[in-house]
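What's counted below: heavy atoms across the whole structure, side chains too, no hydrogens, waters or symmetry copies.
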Amino acid sequence: MPPPTHFLCLQLASAQLTRSLAVFRADVTGAHGFGVPDDAVRPPGTLHLTLGVMSLNQEDTRRAVDLLNTLRPREVLAEVRVRASAAAKGRTEDGGLAISLRGLRSTTSPASTSVLYAPPSDAEGVLYAFCEALQRPFREMGLIGDENRPLLLHATVVNTVYVRGGGGGGGRRKGRLVLDARDLMGRYADYVWAQDMPVRRVALCRMGARKVDGDDEVYEVEGEIEI
């Protein structure tokens with residue numbers, strides 16, 4: 001498979017999320033913290049929920065942006081709500097989508113991991129179905145490959161691949177710094193990163209975040225639509 005070049009995502013941003021991440025960074029990278037290298041903690045401008053990863057040439061990128069612009073996220077969300085309401089025999093909600101980020105999980109064994117993330121949730125229970133519905137047209141067009149695994153919605157807050165020179169604590173596995181995050185995950189098991197945070201955009205972004213003002217980073221956006 002060619003290397004990934006782009007990803008489809010829900011962009012995440014709020015003042016509460018930025019503050020929560022700053023508190024987390026100060027705690028886990030400090031002298032009396034958990035030995036997490038500062039470079040491993042992701043900047044607030046990079047936080048998102050990935051819906052699918054793509055390997056796109058210039059023409060495929062144009063096709064993906066054109067497809068993105070045909071989507072009607074608010075209509076998709078309304079349809080998902082109707083189905084969820086019918087299943088629960090409850091009432092539907094109107095308007096946009098709000099999610100919460102709480103806790104800290106690992107993509108692999110917590111005793112030897114390189115990625116930690118905050119799991120998302122929403123009060124209505126429609127987030128996962130909504131994301132699958134947004135992803136589906138890209139799969140049908142062959143822009144997102146079939147990975148034969150369920151969608152894992154996650155906001156990455158620690159990734160040691162970004163550590164320059166492999167500094168910090170922990171050991172190495174296949175060239176990447178790994179951490180024993182068991183105590184860290186216990187400390188942040190109920191940590192609230194964001195509560196009822198509006199999600200406003202679906203975006204097609206290019207891999208590789210770039211530096212912006214201060215210490216923040218962002219991904220280049222090829223196309224985006226409002227929810």
Are Met141 and Leu8 linked, directly or through intermediate hydrophobic residues, by side-chain heavy-atom contacts shorter than 4.5 Å (ILVMFWY only)?
yes

Determine whether Leu101 and Leu12 make a side-chain contact, defined as any pair of heavy atoms from C-beta on separated by less than 4.5 Å.
yes

Please say which of Val76, Ile144, Leu67 ends up in a side chain to side chain contact (heavy atoms under 4.5 Å, CB included) with Pro137.
Leu67

Close side-chain approach of Val199 and Ile227, heavy atoms under 4.5 Å
yes

Glu224 side chain reached by Gln11 side chain, heavy atoms, under 4.5 Å:
yes

Would the distance check show the side chain of Tyr191 and the main-chain N or O of Ser20 forming a donor-acceptor pair, the cut-off being under 3.5 Å?
yes

Do Ser100 and Asp196 make a side-chain contact, defined as non-hydrogen atoms from C-beta onward lying under 4.5 Å apart?
yes

Between Val36 and Leu116, is any pair of side-chain heavy atoms under 4.5 Å apart?
no

Is any side-chain heavy atom of Thr107 closer than 4.5 Å to a side-chain heavy atom of Thr156?
no

Report, one line per pair, each donor and acceptor closer than 3.5 Å where one atom sits in a side chain of residues 42-49; sequence neighbours left out.
{"residue": "Thr46", "atom": "OG1", "partner": "Pro43", "partner atom": "O", "Å": "2.7"}
{"residue": "His48", "atom": "ND1", "partner": "Thr46", "partner atom": "O", "Å": "2.7"}
{"residue": "His48", "atom": "NE2", "partner": "Thr50", "partner atom": "OG1", "Å": "3.0"}

Take Val115 and Thr108 through the test side chain to side chain contact (heavy atoms under 4.5 Å, CB included) and record every step on the way to the result.
CA-CA 8 Å; Val115 176; Thr108 57; over 6 Å; no

Between atom CD of Glu222 and atom CG of Leu68, what is the distance when rounded to the nearest 0.5 Å?
11.0 Å

Measuring from Cys131:SG to Leu151:CG, what's the distance to the nearest 0.5 Å?
6.5 Å

Taking atom CG of Leu179 and atom CG of Leu184, what is their separation to the nearest 0.5 Å?
8.0 Å

Rounded at 0.5 Å granularity, tell me how far CD in Glu124 sits from OG in Ser85.
10.0 Å

Passing candidate, side chain to side chain contact (heavy atoms under 4.5 Å, CB included) with Val41, options Thr160, Val28, Val157:
Val28

Using a 4.5 Å cut-off between side-chain heavy atoms of Ile, Leu, Val, Met, Phe, Trp and Tyr, which other residues end up in the same hydrophobic cluster as Tyr162?
Phe7, Val53, Val161, Met207, Tyr219

So salt bridge (charged side-chain N to carboxylate O under 4.0 Å, His left out) across residues 6-26, not counting sequence neighbours, yields Arg25-Asp38

Side-chain heavy atoms of Leu204 within contact of Met54, under 4.5 Å:
yes

Hphob cluster co-occupancy, Ile225 + Leu127, side-chain heavy atoms under 4.5 angstrom
yes

Using a 4.5 Å side-chain heavy-atom cut-off and chaining through intermediate ILVMFWY residues, the residues clustered with Leu152 come out as Tyr117

State, yes or no, whether a side-chain contact exists between Gln16 and Val192 at a heavy-atom distance under 4.5 Å.
yes

Set of residues satisfying ring pair (Phe, Tyr, Trp, His ring centres under 6.0 Å) with respect to Phe24, sequence neighbours excluded
Tyr188, Trp193

If a pair satisfies salt bridge (charged side-chain N to carboxylate O under 4.0 Å, His left out) and one of its residues is in residues 55-66, list it, with sequence neighbours excluded.
Glu59-Arg62, Asp60-Arg63, Arg62-Asp66

Using atom types as modelled and distance alone, determine if a side-chain donor or acceptor of Ser55 lies under 3.5 Å from a backbone N or O of Pro3.
yes

Are Leu21 and Val218 co-members of a hydrophobic cluster defined by side-chain heavy atoms under 4.5 Å apart?
no

Hey, is Arg201 close enough to Glu226 for a salt bridge, meaning N to O under 4.0 Å?
yes

Roughly how far, to the nearest 0.5 Å, is the CD atom of Glu79 from the CZ atom of Phe130?
11.0 Å

Reported CZ-to-CG distance for the pair Arg200 and Leu10, which is rounded to 0.5 angstrom:
13.0 Å

